[in-house]
Novice: 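One structure follows; several queries about it will come next.
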Amino acid sequence: MSLPVPERPRFGGGGRRTLALNSDSAGVVLGGPAVPYGDRLLPAWQVLMDLVADASSALLTEEIRNRRGLSYEMWGFANAYRDAGVWRAFVSTAPENVGEVVETAVALLEERAGLGWTGEEVALAARRTAGLFRLEAEESLEEALLYGRYGLLGGDPQWTLDAQVAAIRAVTSDDVLAALRAAVDPLVIAIAGID
């Protein structure tokens with residue numbers, strides 16, 4: 001018996017907010033709504049985060065950190081919940097580089113939303129994502145926690161680790177493009193560390 005999935009909350013829209021912190025560095029977070037557990041595109045969101053910021057060859061990592069040298073830390077992830085989801089890409093930078101980081105990141109995401117990734121690029125990212133997912137479940141407690149999230153919260157009591165890994169590996173470039181287009185509309189930007 002599957003649990004009823006509540007109606008998805010409405011999201012008010014994108015925007016930008018700056019928070020003052022006492023720090024010699026600034027954090028830029030790009031993000032917005034994603035999908036809940038049980039959504040067929042959840043594996044695509046997980047692969048998308050690898051393509052956007054998690055891998056050393058990711059879109060934002062390549063340009064902002066590797067080419068321009070504007071960041072020393074970067075990561076991205078998509079979290080699902082029972083009725084909603086959220087994604088975030090974090091970029092740590094010097095306060096004087098915030099404007100360039102935001103402008104570059106937004107331009108890269110919007111440009112890629114028009115182009116997408118090749119099937120080969122998505123397949124490589126899907127293999128990486130599936131491998132990391134399996135590694136996360138290496139201990140039996142971690143696998144049980146994953147079952148709690150995907151099987152119980154997600155309303156799929158038949159959920160298995162192998163099936164989830166297979167779903168991640170089956171993600172297509174069209175799935176990732178659909179997730180990215182949803183990610184950039186609306187896009188939320190938060191900046192912390194500027195006085």
Novice: When rounded to the nearest 0.5 angstrom, what is the spacing between CG in L145 and CD in E139?
Specialist: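 Interatomic distance, L145 CG to E139 CD, rounded to 0.5 Å: 10.0 Å.
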Novice: Look only at the side chain of N79 and the backbone of A34, and say whether a donor-acceptor pair between them is shorter than 3.5 Å.
Specialist: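 Side chain of N79 to backbone of A34, a donor-acceptor pair under 3.5 Å: no, none is there.
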Novice: Quick one: does D175's side chain have a donor or acceptor within less than 3.5 Å of a partner on T172's backbone?
Specialist: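 It does hold such a pair.
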Novice: Using 0.5 Å steps for rounding, measure from the CZ atom of R112 to the CG atom of L177.
Specialist: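 Taking CZ in R112 and CG in L177, the distance rounds to 10.0 Å.
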Novice: Only one of V91, L30, L60, I191 clears side-chain contact (heavy atoms from CB on, under 4.5 Å) with V101; which?
Specialist: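 For V101, the side-chain contact (heavy atoms from CB on, under 4.5 Å) check succeeds only for V91.
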Novice: Report whether V165 and W45 are members of the same hydrophobic cluster (ILVMFWY, side-chain heavy atoms less than 4.5 Å apart, transitive linking).
Specialist: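 Yes, same cluster.
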Novice: Between the side chain of R169 and the main-chain N/O of A126, is any donor-acceptor distance below 3.5 Å?
Specialist: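 No, the answer is negative, given that no donor and acceptor are paired below the 3.5 Å cut-off.
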Novice: If you look at every heavy atom in P95 and S25, which pair is closest and at what distance?
Specialist: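 Between these two residues, the closest heavy atoms are CD-CA, 3.9 Å.
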Novice: Please give me the minimum heavy-atom distance between A80 and Y37, naming the atom from each residue.
Specialist: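 Nearest pair, atom of A80 first, then Y37: O-CE1, 3.1 Å.
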Novice: Pairs in or reaching into residues 97-106: which pass side-chain hydrogen bond (donor to acceptor under 3.5 Å, both in side chains), with residues at least two apart or in two chains?
Specialist: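 Sorted pair list: R68-E100, R68-T104.
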Novice: Can you find a pair of side-chain heavy atoms, one from Y150 and one from L161, that are under 4.5 Å apart?
Specialist: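 A side-chain contact is absent here, since even the closest heavy-atom pair is not under 4.5 Å.
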Novice: Roughly how far, to the nearest 0.5 Å, is CG of L180 from CG of L51?
Specialist: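 Taking CG in L51 and CG in L180, the distance rounds to 9.0 Å.
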Novice: Any pair with a residue in residues 114-126 that passes side-chain hydrogen bond (donor to acceptor under 3.5 Å, both in side chains), sequence neighbours left out, goes on the list, sorted by first then second residue, please.
Specialist: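 Residue pairs with at least one partner in residues 114-126: T118-E121.
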Novice: Return the minimal non-hydrogen interatomic distance between A137 and L146, and the atom names on each side.
Specialist: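 Result for this residue pair: CB-CD1, 3.5 Å.
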Novice: Honestly curious: do L48 and F133 fall in one hydrophobic cluster under the side-chain, below-4.5 Å linking rule?
Specialist: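 They do share one cluster, since a chain of ILVMFWY contacts under 4.5 Å joins L48 to F133.
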Novice: Locate the shortest heavy-atom distance separating A89 from V52; write the atom from each residue and the value.
Specialist: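 Smallest interatomic distance, heavy atoms only, reads CB-CG1, 4.4 Å.
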Novice: Check each of V122, T129, V176, L124 against D50 using the side-chain contact (heavy atoms from CB on, under 4.5 Å) test, and report the only one that passes.
Specialist: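 Of all the options given, the one that passes is T129.
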Novice: Report the hydrophobic cluster partners of V86, with the cluster defined as I, L, V, M, F, W, Y residues connected by side-chain heavy atoms closer than 4.5 angstrom, directly or transitively.
Specialist: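 Cluster partners of V86: Y81.
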Novice: For the pair R65 (side chain) and G69 (backbone), establish whether a donor and an acceptor sit closer than 3.5 Å, ignoring hydrogens and angles.
Specialist: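 Judged by distance alone, no pair lies under 3.5 Å.
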Novice: Treat each ILVMFWY residue as a node, draw an edge where side-chain heavy atoms are under 4.5 Å apart, and state whether L108 and M74 are in one component.
Specialist: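 Linked within one cluster.
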Novice: Can you say whether the rings of Y147 and W159 are parallel (under 30°), tilted (30 to 60°) or perpendicular (over 60°)?
Specialist: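 It falls in the tilted class, 30° to 60°.
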Novice: Between OG of S56 and CG of N66, what distance do you get to the nearest 0.5 Å?
Specialist: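 Rounded to the nearest 0.5 Å, the OG-CG separation comes out at 7.0 Å.
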Novice: Of all heavy-atom pairs between V106 and L187, which one has the smallest distance, and what is that distance?
Specialist: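 Between these two residues, the closest heavy atoms are CG2-CD2, 3.8 Å.
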Novice: For the atom pair CG (L152) and CZ (R82), what is the distance rounded to the nearest 0.5 Å?
Specialist: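 Between atom CG of L152 and atom CZ of R82 there are 10.5 Å.
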Novice: So, the side chain of T93 versus the backbone of L70: is there a donor-acceptor pair under 3.5 Å, distance only?
Specialist: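 Checking the backbone N and O of L70 against the side chain of T93, a donor-acceptor pair under 3.5 Å is found.
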Novice: Minimum heavy-atom separation for A178 to L41, with atom names?
Specialist: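 Reported closest heavy-atom pair: CB-CD1, 4.3 Å.
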Novice: Between T61 (side chain) and A53 (backbone), is there a donor-acceptor pair under 3.5 Å?
Specialist: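 Pair found, side chain donor or acceptor close to backbone of A53.
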Novice: Hey, what do you get for CZ (R134) to CD (E143), rounding to the nearest 0.5 Å?
Specialist: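 The distance works out to 8.5 Å.
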Novice: Treating Ile, Leu, Val, Met, Phe, Trp and Tyr as nodes and any side-chain heavy-atom pair under 4.5 angstrom as an edge, say whether L153 and I168 lie in one connected cluster.
Specialist: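 In one cluster: yes.
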Novice: Is there a side-chain contact (heavy atoms from CB on, under 4.5 Å) between L59 and L109? Walk through the geometry before answering.
Specialist: CA-CA 8 Å; L59 179 69; L109 290 170; 4.2 Å; yes
Novice: Is V29 reachable from V188 through a run of hydrophobic residues whose side-chain heavy atoms are each under 4.5 Å from the next?
Specialist: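 Unlinked, V188 and V29 end up in two clusters.
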